[in-house]
Amino acid sequence: MAEPIILEEIGRTGLNQSGGYIYEDNTPEWKGLFKTRTIRRMLTNAICGAILFAVEMLIRQTEFTVKSASEENKDKEAADFIDSCHSDMSTAWPDLVAEILTMLPWGWSWFEECYKERRGDNPGTYKDSSGVEKQLPQSNFNDGKIGWRKWAIRSQESLLRWQFDDEGGISALVQLPPPDFKTRVIPIEKSLLFRTTVHKGNPEGESIFRRGYEAYYYMKNIARIEAIGIERDLAGIPELWVPPNIANPKTDDDRAAKAAWIKVGQNVRNDEQACLMFPLVYDNNHNKLYDFKLSGTNSRRLIDTSTVIDRYKHDLLITTLSDFLILGAGSSGRGSYALSADKTELFSTVIGAWMDSICGVVNRHAIPRLLKLNGYSTERVPTLEHGKIDQIDLASFGTFIVNAAQAGIVFTDEQVNYILQQVDDSFPVNEIVSQPTAPQAKPLVQPVPSNPNEA
């Protein structure tokens, strides 16, 4: 007799959480509210902003399509329905993808699936739980089916805590959002959770900036010190001459006067409001008791801060494989075309993996749920797929074609079709370029004859 299968889950992921709060990171700047402040600061940084801008612009130009599970009519019908819902949401798909990509700096992004009954442009009204009459959402279709109204983002800053089930899985997000700051519990069954990583089942993933935070920290602080040094070099270091009783105070009045003069020296700026007022007081030798001047310095700094900042900038970029953004820039100014091509190709591969993750969440959760609501079978479901990200270098591609043709290599009709697609994306995919006078494949480019008389 076969032993019974143990269906009960015994172990746990080991996620360090208590009461819905996660304590995976021991760095103070990456805990709780401090983590929120850290990410907000990094989002305003030029380098971090350039990384996110590059990712968003590359993904925005990528085409997303719904693919049928098979060529059967019922599978094609399900795919057409999902595609219609995909284009019938209140937010355009590129803008929705941009919201999903907030998972990159935060490590996660949470969306609540909101549905609607598709009743055309004039769907009528309904009464909410408080009895207030409201307008039903419009739709481009009038078939009475349930579609997506929107995927509404639930901002990372509004997170209060997480809810976990008995096995340690995510069951809900508890948020405390403005403007009313009321506690709201959003179950995972009605949501989509996008994450950069799923290690230990951590719902917060990991920010793509986390591993580059140390480089960001030093880069920011050295740049601040550099700015102060430049200001001092250009304006000079203030020198204040005061009476001995203020320089070495004995009374409370003298101590207060010393503190006031130190503040004057610290806050002096050479701008349109610069002004200093001194009492006209002399000692017995007719020397001024008070005086002020700026001492400049012509000495060269022992440390080249630009080189140090460039190093930390490179370290920050390399954590996301986006250091191609500064090739040819900075103090070194180095970077070949071949190196740039290799790095951008690797960066495109990373973006492709993130897009695979996004499509995976939609295919595992959003599409099957919607099909069930409308009575479709979920044995074979359509899938959301993304197109290519990187573009082929047409110059190199053309050189390859010419070299192949000169070597006597011939291209099939399908290969010619593919080549034309690389030149122009609008070329029909299913339209095969054929040679009506010759059934066999012909060279796309005729070899150049070695003897001009043979031409």
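Heavy atoms only: backbone and side chains are in, while hydrogens, waters and symmetry mates are out.
Using a 4.5 Å cut-off on side-chain heavy atoms (C-beta onward), R60 and V97 make no contact. When side chains are defined from C-beta on, S348 does not count as touching K388, because their heavy atoms never get closer than 4.5 Å. No side-chain heavy atom of E117 sits under 4.5 Å from any side-chain heavy atom of L136. By the 4.5 Å heavy-atom criterion applied to side chains, R184 and P177 are counted as neighbours. For the pair I82/L370, a side-chain contact is recorded, criterion being any heavy-atom separation below 4.5 Å from C-beta on. In this structure, I225 and T305 have side chains that are not in contact, with every pair of non-hydrogen atoms separated by 4.5 Å or more. Between T196 and S357 the shortest side-chain heavy-atom distance does not fall below 4.5 Å. Two residues are said to be in side-chain contact when any heavy atoms from C-beta on lie closer than 4.5 Å; I153 and W110 fail this criterion.
Heavy atoms from other residues, nucleotides or ligands lying under 6.0 Å from CZ of F34 number 12 at most. No more than 12 heavy atoms of other residues, nucleotides or ligands shown are found within 6.0 angstrom of CD on E63. In this structure, D165 places its CG atom where more than 12 heavy-atom neighbours from other residues, nucleotides or ligands lie under 6.0 Å away. Surrounding CG of D180 are more than 12 heavy atoms belonging to other residues, nucleotides or ligands, all under 6.0 Å away. Counted within 6.0 Å of CD on Q135, heavy atoms from surrounding residues, nucleotides or ligands total more than 12; the atom is thus considered enclosed. Around atom OH of Y23, more than 12 heavy atoms belonging to other residues, nucleotides or ligands sit under 6.0 Å away. The number of heavy atoms from other shown groups lying within 6.0 Å of CZ (R211) does not exceed 12. Counting heavy atoms of neighbouring residues, nucleotides and ligands inside a 6.0 Å radius, atom OH of Y213 exceeds 12 of them.
One side chain, T27 or R210, offers a donor N or O that lies under 3.5 Å from an acceptor on the other. Side-chain atoms of S139 and D88 include a donor-acceptor pair closer than 3.5 Å. Checked by atom type, the side-chain pair T125/E133 shows a donor-acceptor distance below 3.5 Å. For the residue pair D75 and S70, a side-chain donor N or O sits within less than 3.5 Å of a side-chain acceptor on the partner.
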Chi angles and distances behind the side-chain contact (heavy atoms from CB on, under 4.5 Å) call for V55, W354: CA-CA 10 Å; V55 173; W354 285 332; 4.0 Å; yes
Trace of the salt bridge (charged side-chain N to carboxylate O under 4.0 Å, His left out) decision for E29 with R37: CA-CA 8 Å; E29 291 83 0; R37 295 170 185 169; over 6 Å; no
Intermediate values then yes/no, side-chain contact (heavy atoms from CB on, under 4.5 Å), E24 and W30: CA-CA 9 Å; E24 279 291 307; W30 290 87; over 6 Å; no
Trace of the side-chain contact (heavy atoms from CB on, under 4.5 Å) decision for H386 with D356: CA-CA 8 Å; H386 64 84; D356 289 340; 2.6 Å; yes
Verdict with reasoning, Q163 to L173, per side-chain contact (heavy atoms from CB on, under 4.5 Å): CA-CA 6 Å; Q163 280 188 2; L173 175 144; over 6 Å; no
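The side-chain tip of R149 does not point at the ring of Y115 from less than 6.0 angstrom away and within 45° of straight on.
Using cut-offs of 30° and 60° on the angle between ring planes, the pair W151 and F194 is tilted. Between Y376 and F81, the ring planes lie parallel to each other; the angle is under 30°, not in the 30° to 60° tilted range.
Each of D25, T197, V198 was scored for a side chain to side chain contact (heavy atoms under 4.5 Å, CB included) with E206, with one residue passing: T197.
Under the 3.5 Å distance criterion, the side-chain polar atoms of T62 are matched with a main-chain donor or acceptor of L58. Looking only at distances, no side-chain donor or acceptor of D254 sits under 3.5 Å from a matching main-chain atom of I246. Side-chain atoms of S158 do not come within 3.5 Å of backbone N or O of R154 as any donor-acceptor pair. D83 places no side-chain N or O within donor-acceptor distance of the main-chain N or O of A79, the cut-off being under 3.5 Å. At least one donor-acceptor pair under 3.5 Å links the side chain of T13 to the backbone N or O of K200. Of the possible donor and acceptor atoms, none in the side chain of K150 sits under 3.5 Å from a partner among the backbone N and O of T91. Judged by distance alone, with hydrogens and angles left aside, the side-chain atoms of S109 form a donor-acceptor pair with the main-chain N or O of I100 at under 3.5 Å. Judged purely by atom type and a 3.5 angstrom limit, Q156 uses its side chain to pair as donor or acceptor with the backbone of W108. No donor-acceptor pair closer than 3.5 Å links the side chain of Q17 to the backbone N or O of I22. In this structure a side-chain-to-backbone donor-acceptor pair under 3.5 Å is missing from K127 to V132.
A salt bridge links K190 with E112: at least one charged nitrogen is closer than 4.0 Å to a carboxylate oxygen. E167 has no carboxylate O lying under 4.0 Å from a charged side-chain N of R12, or vice versa, which leaves the two without a salt bridge.
A distance of 10.5 Å separates CD1 of I309 from CG of N221, quoted to the nearest 0.5 Å.
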